[in-house]
Amino acid sequence: MDEPLVDAEGFPRDDIDLYQVRTARHNIICLQNDHKALMKQVEEALHQLHAREKEKHARDEAEALAEAMSQNQSLPQAFAKVNAVTPGSPASISGLQVDDEIVEFGSVNVNNFQNLQNIATVVQHSEGRPLSVTVIRSGKKVHVGLTPKRWAGKGLLGCNIVPLQR
């Protein structure tokens, strides 16, 4: 591609077909220019594609954050938390789990809860009858049917509930 087409004295070389070499060089140079232009278009298209994906990802994250915030705001406020559940107990059988935050325990909710005695009173008055318990588990509101009753272990529920410090 870079060899001279003339000899040392400046005359056209007689050992090659000059017309064919010049035509081939011209075609190769045209193809290289086309390739450069095409690669530049591909590069610009990739930049645009990635910019759009980055914007879309940012929008999706913002929407997810907004949705999470709205879900957190729509969850009712808890007043107590389950910190232990004995296997085989009424609480365990009903599906109550450790770290469940209690929103409603029968008639007790965040508005009328003063201390754990409120829950103890509801449990004693509901022995043998199902209670509706609403908890927040992993950021979701879950309803549990809990029936306080005598069992092999201590108490009527078989779980330990502590008040939340808010």
Distance, nearest 0.5 Å, that separates NE2 of H50 from CD of Q48: 11.5 Å

Flag for E53-H57: side-chain donor and acceptor within less than 3.5 Å: no

Flag, side chain of S94 to backbone of A91, donor-acceptor distance under 3.5 Å: yes

Check: V6 and F11 side chains under 4.5 Å, non-hydrogen atoms: no

Backbone of V108 reached by a side-chain donor or acceptor of N112 within 3.5 Å: no

Co-membership, hydrophobic cluster, residues I93 and L156, 4.5 Å side-chain: no

More than 12 heavy atoms from other groups under 6.0 Å of CG on D15: yes

Closest approach of D99 to K81 (non-hydrogen atoms, all atoms of both residues): OD1-CE, 3.3 Å

Polar side-chain atom of R25 near backbone of M1 as donor-acceptor pair, under 3.5 Å: yes

From N33 atom CG to K36 atom NZ, the distance as rounded to the nearest 0.5 Å: 6.0 Å

Sub-4.5 Å side-chain heavy-atom contact between I136 and V103: yes

V123 to P148 - nearest heavy-atom pair and separation: CG1-CB, 3.8 Å

Any side-chain heavy-atom pair of F79 and L164 under 4.5 Å: no

Pair I102-T134, side chain to side chain contact (heavy atoms under 4.5 Å, CB included): steps then yes or no: CA-CA 6 Å; I102 300 172; T134 306; over 6 Å; no

Side-chain heavy-atom pair L146, L157 within 4.5 angstrom cut-off: yes

Atom pair CD (Q97) and OG (S138), whose distance is rounded to the nearest 0.5 Å: 7.5 Å

Full working for side chain to side chain contact (heavy atoms under 4.5 Å, CB included) between V144 and R137: CA-CA 11 Å; V144 177; R137 181 181 300 155; 4.3 Å; yes

Min side-chain heavy-atom separation P163-F113 under 4.5 Å: yes

Closest non-hydrogen atom pair between I161 and N83, with its separation: N-OD1, 4.4 Å

Side chain proximity check, E104 to H143, heavy atoms < 4.5 angstrom: no

Heavy-atom closest contact (G158 atom, W151 atom, distance): CA-CZ2, 3.4 Å

Point-to-point distance, once rounded to the nearest 0.5 Å, from NZ of K154 to OG of S89: 13.0 Å

Test salt bridge (charged side-chain N to carboxylate O under 4.0 Å, His left out) applied to D7 and R13, step by step: CA-CA 6 Å; D7 60 14; R13 288 176 46 186; over 6 Å; no

Sidechain-backbone polar pair: N27 side chain, A24 backbone, donor-acceptor under 3.5 Å: no

Pairwise distance CG(L65) to CG(D60) - rounded to 0.5 angstrom: 12.5 Å

Hydrophobic cluster membership, V135 vs L116, 4.5 Å side-chain cutoff: yes

Side chain proximity check, E43 to L38, heavy atoms < 4.5 angstrom: no

Contact summary for V98 and A84, nearest pair of heavy atoms: CG2-CA, 4.0 Å

Student check: side-chain heavy atoms of L5 and V21 closer than 4.5 Å: yes

Connected via hydrophobic side-chain network under 4.5 Å: V122 and V162: no

Atom pair OG/NE2 of S107 and H125 - distance to nearest 0.5 Å: 9.5 Å

Closest contact, heavy atoms only, T147 versus P90: O-CB, 3.6 Å

Heavy-atom neighbours of E44 CD exceed 12 at 6.0 Å: yes

